[in-house]
Amino acid sequence: MKYCSASTFFKYNWDQVVTAFFQRYPNPRSKHVLTEDVLCRYVKDNKLISRKLYSKTNKLPKWGERLVPGPKQICIVEESVVDPVAKTLTTYTHNIGYLKSVMHVEEKVEYSLDTENRKTTSVKREAWITCSIYGFSRAVQAFGGDRFKKNANNAERGFLHVLERMFGQEKVLDLTPRERKLKETAKNATTKAKNMAAKAGIIQ
């Protein structure tokens, strides 16, 4: 099994991100998404739970085409859980169908309120990739890891496009306490360096 992870943040508040999440398709980065169907949606313990089925194209390397003849489409089940109290949106996805026997990918993404700046939303993406084909597991898992990185970047840019379309472009945000401290430290270090240089006669 290969584990992958990636973290980022959106300069939009959590409510905006959740609203955009349910309208993120289509976008310029989602041409590989062919269909999107809602299987069920309900409320349990004050949490909104949705389950969707997606069909997507899945381009394979040449060596992968030998393992998987025929149409290169995959079906993916996504379950999302919106917790308005904890301010989290968590999604769980996994692929189903015949390609699962070649490479099985389980992914978890959590969108949570940034504790240091309530105007931003933190995003943590994790994936677990497995392959049961003897002699090909390392190659397939390595391919899955590279695909995860590309997909994460693609998904982020597509999501950002939807956020900008719905709420405008990212705005300059107030600095967090940590950012203010780092900025002040850098400023003090620069001032100190200039003073030392002036005393040494390096600058006038």
Side-chain angles (χ1 to χ4, degrees), residues 1-10 12 14-60 68 71-113 121-132 140-141 143-166:
M1 182 181 72
K2 184 176 182 63
Y3 171 77
C4 304
S5 65
S7 298
T8 186
F9 67 94
F10 290 126
Y12 294 87
W14 184 81
D15 291 326
Q16 291 174 324
V17 170
V18 172
T19 300
F21 172 82
F22 290 101
Q23 302 180 55
R24 69 190 191 279
Y25 300 128
N27 68 69
R29 296 282 174 173
S30 67
K31 294 180 180 180
H32 63 294
V33 179
L34 303 176
T35 61
E36 175 186 13
D37 297 288
V38 178
L39 302 178
C40 63
R41 180 167 289 156
Y42 56 95
V43 176
K44 182 179 180 181
D45 298 328
N46 294 321
K47 299 175 183 177
L48 176 63
I49 301 174
S50 303
R51 187 171 291 113
K52 291 184 177 183
L53 176 66
Y54 294 93
S55 64
K56 303 181 180 182
T57 58
N58 186 45
K59 187 177 181 180
L60 297 175
V68 187
K72 305 303 184 294
Q73 296 180 5
I74 58 173
C75 291
I76 295 176
V77 174
E78 174 192 83
E79 180 174 279
S80 61
V81 181
V82 180
D83 187 336
V85 177
K87 292 290 185 181
T88 60
L89 162 60
T90 308
T91 66
Y92 305 90
T93 61
H94 66 274
N95 59 310
I96 60 175
Y98 73 100
L99 283 178
K100 180 179 178 180
S101 61
V102 178
M103 183 172 70
H104 185 216
V105 181
E106 296 180 82
E107 187 171 318
K108 175 185 176 182
V109 184
E110 183 176 80
Y111 305 84
S112 57
L113 180 69
T121 302
S122 299
V123 183
K124 182 178 181 181
R125 189 182 301 270
E126 299 176 281
W128 296 264
I129 305 164
T130 57
C131 173
S132 58
V140 171
Q141 290 173 11
F143 166 76
D146 291 338
R147 178 63 62 87
F148 167 80
K149 295 176 183 177
K150 294 178 181 178
N151 287 350
N153 180 62
N154 205 43
E156 179 184 345
R157 296 177 68 179
F159 203 153
L160 183 58
H161 174 86
V162 176
L163 285 163
E164 291 177 347
R165 184 184 66 200
M166 296 179 67

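What you are looking at is a predicted structure, and each value in this text was computed from that prediction instead of being measured. Below, all heavy atoms of this structure are taken into account, side chains as well, without hydrogens, waters or symmetry copies.
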Any chance [atom1] of [X] has more than 12 other-residue heavy atoms, nucleotides or ligands included, within less than 6.0 Å?
{"X": "Lys47", "atom1": "NZ", "result": "no"}
{"X": "Arg165", "atom1": "CZ", "result": "yes"}
{"X": "Lys124", "atom1": "NZ", "result": "no"}
{"X": "Asn46", "atom1": "CG", "result": "no"}

Please evaluate residues Ile96 and Leu53 with respect to the criterion side chain to side chain contact (heavy atoms under 4.5 Å, CB included), reporting the C-alpha separation (whole Å), side-chain torsions for both, the decisive distance (0.1 Å), and the verdict.
CA-CA 10 Å; Ile96 60 175; Leu53 176 66; 4.1 Å; yes
Measure the spacing between [atom1] of [X] and [atom2] of [Y] and express it to the nearest 0.5 Å.
{"X": "Ser5", "Y": "Glu107", "atom1": "OG", "atom2": "CD", "value": "11.0 Å"}
{"X": "Met1", "Y": "Cys131", "atom1": "CE", "atom2": "SG", "value": "13.5 Å"}
{"X": "Lys108", "Y": "Trp128", "atom1": "NZ", "atom2": "CH2", "value": "6.5 Å"}
{"X": "Asp15", "Y": "Lys87", "atom1": "CG", "atom2": "NZ", "value": "4.0 Å"}
{"X": "Tyr54", "Y": "Ser30", "atom1": "OH", "atom2": "OG", "value": "10.0 Å"}
{"X": "Tyr3", "Y": "Ile129", "atom1": "OH", "atom2": "CD1", "value": "11.0 Å"}

Looking at [Y], is its backbone amide N or carbonyl O close enough to the side chain of [X] to form a donor-acceptor pair, meaning the two atoms are under 3.5 Å apart?
{"X": "Asn95", "Y": "Met103", "result": "yes"}
{"X": "Thr121", "Y": "Tyr12", "result": "yes"}
{"X": "Ser55", "Y": "Thr35", "result": "yes"}

Working note: Met166 + Gln16, criterion side chain to side chain contact (heavy atoms under 4.5 Å, CB included); need CA distance, chi angles, decisive distance, verdict.
CA-CA 9 Å; Met166 296 179 67; Gln16 291 174 324; over 6 Å; no
Considering non-hydrogen atoms only, spot the tightest contact between [X] and [Y] and give its length.
{"X": "Val102", "Y": "Val140", "value": "O-CG1, 3.7 Å"}
{"X": "Gln23", "Y": "Val162", "value": "O-CG1, 3.6 Å"}
{"X": "Phe148", "Y": "Glu126", "value": "CE1-C, 4.3 Å"}
{"X": "Ala20", "Y": "Leu163", "value": "CB-CD2, 3.5 Å"}
{"X": "Phe159", "Y": "Val17", "value": "CZ-O, 3.5 Å"}
{"X": "Gln141", "Y": "Lys2", "value": "O-CD, 3.1 Å"}

Val82 vs Phe22, test: side chain to side chain contact (heavy atoms under 4.5 Å, CB included). Steps then yes/no.
CA-CA 11 Å; Val82 180; Phe22 290 101; 3.9 Å; yes
Go through the steps for Arg29 and Glu156 under the test side chain to side chain contact (heavy atoms under 4.5 Å, CB included), then give the verdict.
CA-CA 9 Å; Arg29 296 282 174 173; Glu156 179 184 345; over 6 Å; no
Intermediate values then yes/no, salt bridge (Lys or Arg N to Asp or Glu O under 4.0 Å), Lys44 and Glu79:
CA-CA 13 Å; Lys44 182 179 180 181; Glu79 180 174 279; over 6 Å; no
